[in-house]
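Read through the structure below, which is laid out as structure tokens, and then see the notes.
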Amino acid sequence: MRLCPHAAAGGVRRCQAGILRKLMSAEAPTSPLSELRAAVRAAAAALSSSAGEGSFRLTLERPKKAGFGDYSTNAALLLAPALGQSPRAVAERLGEDLTSRLDGLVDSVEVAGPGFLNFFLSDAWLARATSFVLLAGDDWGAGGAEPAERILVEFVSANPTGPMHVGHARNAAYGDALSRLLALRGHSVEREFYVNDFGTQARKLGESIQARARGQQAPEGGYQGEYVAELAAEIPRAAEMDLDQLTGEGIERMVARTRASLEKFGVAFDRWFFEHKLHSGTPSLVEHAFDVLEEQGRSYRSEGALWLRTSDFGDDKDRVLERSSGDHTYFASDIAYHQEKRERGFDRLIDVLGADHHGYVGRMHAAFQALGGESDRLELLIMQFVHLVSRGERSSMSKRSGHFVTLDELIEEIGVDAARWYLLARSHDTTIDLDIDLAREQSSDNPVYYVQYAHARISSMLDRLGEQRVTQAAQAEVPGDARLEPSERELVKKLLSFPDELAEAEVRRAPHRIAAYALELAQAFTAFYRDCKVIGVEPEEVETRRIQLCLGAQKTIARSLELLGVSAPRSM
RNA sequence: GCGCCUGUAGCUCAGUGGAUAGAGCGCUCGCCUCCGGAGCGAGAGGCCGCAGGUUCGAAUCCUGCCAGGCGCACCA
């Protein structure tokens, strides 16, 4: 945590470190809310030392109705059965205790409904909480992962035999946003793309290019898009080149195209892992994986093939690793790849897969355990499909039918920011219907612009105020007798919920929550902007406080958008 | 047949045990002497797929059913 700037500046004014230390006293100093939570927990413990810690989960949440206070807890409802008292009676006792524990921080604590405790926070608490956001600096919202792990996120991993389409784009946007989120939460994250450059499909690409270069029909099951013709023209002597060499050239160029498309989309990888590396060397990584499985006693020979006993780990049936023909199955490559990942020493492996691979989840988990891994160290996240819709008709993406929208086209039609928002605003386990014509028409209605606009508007206001005034306001101490307008209070609370939103998004692997949060935050800011004049408002302390609110909102919006890979423009 | 995902406002979707279920878009009606109107306010619009169950409390958990998507290879 960054030091209080007053201390660094050697200022004579009393620094806010005192109140901050108090606010941060809870075990997870990610937000001033930690203190409230800790107080509730302490009061609950005092009431029932025996009522098992952690046998229930008490919550501190923002009630929907304004009349129910700023925050509320269900602690009394959860404690009542253990204490053998009515929830309301428990709530009364908890409330009394908390009123004294939180002296000066809350205006009142009320018992309501079946036994909820509602907290009405003091304006002073809210005003100082805003300062906390600013003082946190780059640490705002960062950290909190428990425990922090070394995580490998493998995503996209599209076959390099065709262009990236919007389904891959969804996977890319999701994997990228998830990686950013995990990193901000304190994990050490590496991103990897697995390139299927080995086997039948890769060879079909080579054959297709060669056929094209010779002016022949594409082979059975081959590829025939425009890109095949481009490759045939690009690669010198494609018509007569050795097929293996041509395949290699073709794959290399397709990977370059894929990389370029993804880069344009704002997605970068730490490593591109090529499948052919699993099959080279002695012993190859595949053979090595077979050895490991044999040592673990999980493989056997039958009917001339090598089998893996995945049924030991809940799979429906055992799976073939090496066919009776001597060829390795695709599954064998995947196992070797996962073993290779394990040996690199990650605490957790995450694979982001398309919905068409979900049948593979059970057997991969089984294989992972067969290798000696713990099942919960491997996460296979399934992305549901993007369906294309045109004139009301729905169709799956298919190159043959022409129902195909590439990532490049999507970016060209609606831009990176709108595209990423569109793909990330929905949960990964719901299918998306994309009508590209409609998306183009409506792209200016994309909520992403509303969020960006709020950011640009704040930037404009701060520019108008001038750097000197803004810097001074950022460091100023807010007087304890502040009186906040309702929309100011709402904005502060929305800002403070940022770390919790991130924690929730991380645990659920749900970056779409950040999009929802960003929109709500922009709305809270816009309401504040509507109700509260900032520039030139009297007295000066009020202007100062509101500048702080603007800064906090600007920073939090920017950070939310950054997690989604969306730009936060200073003007638009 | 078996498995996974989904079913919430006209449309696209949030909301995985709490109080009167939300947002965006669309629709209706208001609002541009005011820090950026890509905006603001008000309103209409819901058997939360259906039926049971669990409990103080269920859109949320359990069971069954219905509908849609996707899988169930010694294919890749």
Side-chain angles (χ1 to χ4, degrees), chain A residues 57 59 61 63-65 67-68 72-74 77-78 80-81 86-87 112-116 118 159 161 196 198-204 221 275 302-307 316-317 319-333 354-363 380 382-385 387 389 394 396 422 425-435 438-439 442 444-454 456-465 504 508 510 512-513 515-517 519-520 523 526-527 529-537 543 546 550 571-572:
Chain A
R57 239 187 79 185
T59 63
E61 56 193 28
K64 288 165 190 155
K65 289 276 289 183
F68 294 148
S72 70
T73 179
N74 61 354
L77 288 162
L78 297 173
S86 81
F116 288 104
N118 295 336
N159 273 333
T161 52
N196 295 103
F198 184 89
T200 316
Q201 295 308 312
R203 197 170 186 83
K204 281 268 188 263
E275 183 183 2
S302 173
E303 301 164 54
L306 179 65
W307 296 74
D316 307 335
K317 49 178 270 192
R319 306 286 172 173
V320 171
L321 298 172
E322 188 180 86
R323 294 182 203 116
S324 42
S325 67
D327 294 335
H328 295 153
T329 60
Y330 181 78
F331 190 42
S333 291
D356 54 341
H357 283 82
H358 79 257
Y360 156 103
V361 170
R363 86 185 78 144
L380 302 172
I382 299 299
M383 299 296 300
Q384 291 302 319
F385 280 174
H387 286 114
V389 175
R394 183 150 102 169
S396 287
Y422 187 88
R426 294 152 175 76
S427 164
H428 70 277
D429 55 17
T430 185
T431 54
I432 291 181
D433 287 338
L434 172 67
D435 183 328
L438 203 61
Q442 297 183 344
S444 62
D445 294 324
N446 191 314
V448 72
Y449 298 118
Y450 181 90
V451 179
Q452 290 182 317
Y453 187 77
R457 179 183 257 165
I458 296 170
S459 302
S460 161
M461 291 165 71
L462 296 176
D463 286 347
R464 188 181 269 257
L465 281 157
E504 201 70 11
R508 297 184 191 281
H512 74 274
R513 285 171 162 268
Y517 171 77
L519 182 58
E520 287 165 14
Q523 286 169 328
T526 303
Y529 172 83
R530 178 193 67 220
D531 296 341
C532 302
K533 190 163 171 57
V534 177
I535 300 171
V537 72
E543 187 190 53
R546 289 180 179 168
C550 287
S571 68
M572 54 193 291

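Because only heavy atoms are used, hydrogens play no part in the values below, and waters and symmetry mates are left out as well, while side chains stay in. Convention: sequence-line order gives letters A, B, ...; per-chain numbering from 1.
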| field | Mate of B/rG26 where both pairing distances stay under 3.5 Å, Watson-Crick or G-U | value | none
| request: With the side chain of A/L519 defined as its heavy atoms from C-beta on, choose the nearest nucleotide among B/rA14, B/rC70, B/rA23. | output: B/rA23
| Roughly how far apart, to the nearest Å, are B/rG1 and B/rU54 at atom C1'? | 30 Å
| Which heavy atom of A/A355 sits nearest a heavy atom of A/I382, and at what distance? | CA-CG2, 3.6 Å
| remark: Scanning all shown strands, the Watson-Crick or wobble mate of B/rU33 with both distances under 3.5 Å is none
| If you look at every heavy atom in A/P63 and A/S72, which pair is closest and at what distance? | CD-N, 3.9 Å
| task | Could you give the distance separating B/rA59 and B/rC27 at their P atoms, to the nearest angstrom? | result | 32 Å
| message | On RNA chain B, compare the nucleotides closest to A/V320 and A/Y422; which residue's is nearer the 5' end? | response | A/Y422
| Say you pick atom P in B/rG68 and the same atom in B/rA73; how far apart are they, in whole Å? | 23 Å
| Nearest heavy atoms of A/S302 and A/W307, plus distance in Å | O-NE1, 3.0 Å
| Watson-Crick or G-U wobble partner of B/rG57, both distances under 3.5 Å | none
| Quantified in whole Å, what is the P atom distance between nucleotide B/rU16 and nucleotide B/rU60? | 12 Å
| Any A/K64 side-chain nitrogen or oxygen under 4.0 Å from OP1 or OP2 of B/rA19 | yes
| Are the side chain of A/T73 and the backbone of A/T59 linked by a donor-acceptor contact shorter than 3.5 Å? | yes
| Rounded to the Å, how far apart are A/R457 CZ and B/rA38 P? | 8 Å
| query | Which nucleotide sits closest to the side chain of A/P447: B/rG24, B/rU6, B/rU12? | reply | B/rG24
| task | When you get a sec, tell me which of B/rU16, B/rG18, B/rC70 is the closest nucleotide to the side chain of A/R513? | result | B/rU16
| task | Could you check how far CZ of A/F385 sits from P of B/rU12, rounded to whole Å? | result | 19 Å
| query | So does A/Y360 get a side-chain nitrogen or oxygen closer than 4.0 Å to the phosphate oxygens (OP1/OP2) of B/rA76? | reply | no
| field | Distance, P atom - from B/rU55 to B/rG71, rounded to whole angstrom | value | 41 Å
| message | With a 3.5 Å cut-off and heavy atoms only, can you find an N or O donor on one side and an acceptor on the other between the side chain of A/E303 and the base of B/rC74? | response | yes
| On a plain distance test, is the side chain of A/S72 in donor-acceptor contact with the base of B/rA19 below 3.5 Å? | yes
| query | What does B/rG3 pair with, Watson-Crick or G-U, if both distances are under 3.5 Å? | reply | B/rC70
| query | Taking the side chain of A/Y449 as its heavy atoms from C-beta onward, which of B/rC74, B/rG18, B/rA38 lies nearest to it? | reply | B/rA38
| task | Mark this stacking check for A/Y453 against B/rG36 as yes or no, applying ring centres under 5.5 Å and ring planes under 30°. | result | no
| request: When you get a sec, tell me which of B/rA19, B/rC4, B/rA14 is the closest nucleotide to the side chain of A/H512? | output: B/rA14
| query | Of the candidate nucleotides B/rG36, B/rA14, B/rA76, which contains the atom at the shortest distance from the side chain of A/Q201? | reply | B/rA76
| task | Please confirm whether any donor atom in the side chain of A/N118 sits under 3.5 Å from an acceptor in the base of B/rA19, or the reverse. | result | yes
| note | Side-chain contact check for A/A355: nearest option of B/rC70, B/rU6, B/rG36 is B/rC70
| message | Say we look at B/rG57 and B/rG18: how far apart would their P atoms be, to the nearest angstrom? | response | 14 Å
| query | Do we see a donor-acceptor contact under 3.5 Å between the side chains of A/Q201 and A/T161? | reply | no
| request: Indicate whether OP1 or OP2 belonging to B/rC75 is found under 4.0 Å from a side-chain N or O atom of A/R323. | output: yes
| message | Partner lookup for B/rU20, please. Criteria are Watson-Crick or G-U wobble with both distances under 3.5 angstrom; report none if nothing qualifies. | response | none
| task | For the side chain of A/D356, starting at C-beta, report the closest nucleotide among B/rG71, B/rA23, B/rG36. | result | B/rG71
| message | For B/rC74, does the base pair up with any side-chain atom of A/S325 as donor and acceptor (N or O, under 3.5 Å, distance only)? | response | no
| Any idea which of B/rC74, B/rC13, B/rG18 is nearest the A/R426 side chain? | B/rC13
| remark: With syn meaning chi within 90° of zero and anything else anti, the base of B/rC48 is anti
| said: Looking at A/K317, I'd like to know whether one of its side-chain N or O atoms comes within less than 4.0 Å of OP1 or OP2 on B/rC2. | reply: no
| message | Tell me if a side-chain donor or acceptor on A/E543 pairs with a main-chain N or O of A/G536 at a distance below 3.5 Å. | response | yes
| remark: Taken to the nearest whole Å, CD1/A/I382 to P/B/rG71 is 12 Å
| said: Let's test this: given Watson-Crick or G-U wobble pairing with both distances under 3.5 Å, identify the partner of B/rG46. | reply: none
| field | Flag, side chain of A/T329 to backbone of A/L321, donor-acceptor distance under 3.5 Å | value | yes
| field | Whole-Å C1' distance, B/rG7 and B/rC65 | value | 14 Å
| remark: Mate of B/rA14 across any strand shown (Watson-Crick or G-U wobble, both atom pairs under 3.5 Å) is none
| said: Tell me if a side-chain donor or acceptor on A/N74 pairs with a main-chain N or O of A/L77 at a distance below 3.5 Å. | reply: no
| note | Sorted by position of nearest nucleotide on RNA chain B, 5' first, the leading residue of A/L438 and A/D429 is A/D429
| said: As a test of reading the structure: which of B/rC5, B/rC40, B/rC74 is closest to the side chain of A/R530, going by heavy atoms? | reply: B/rC40
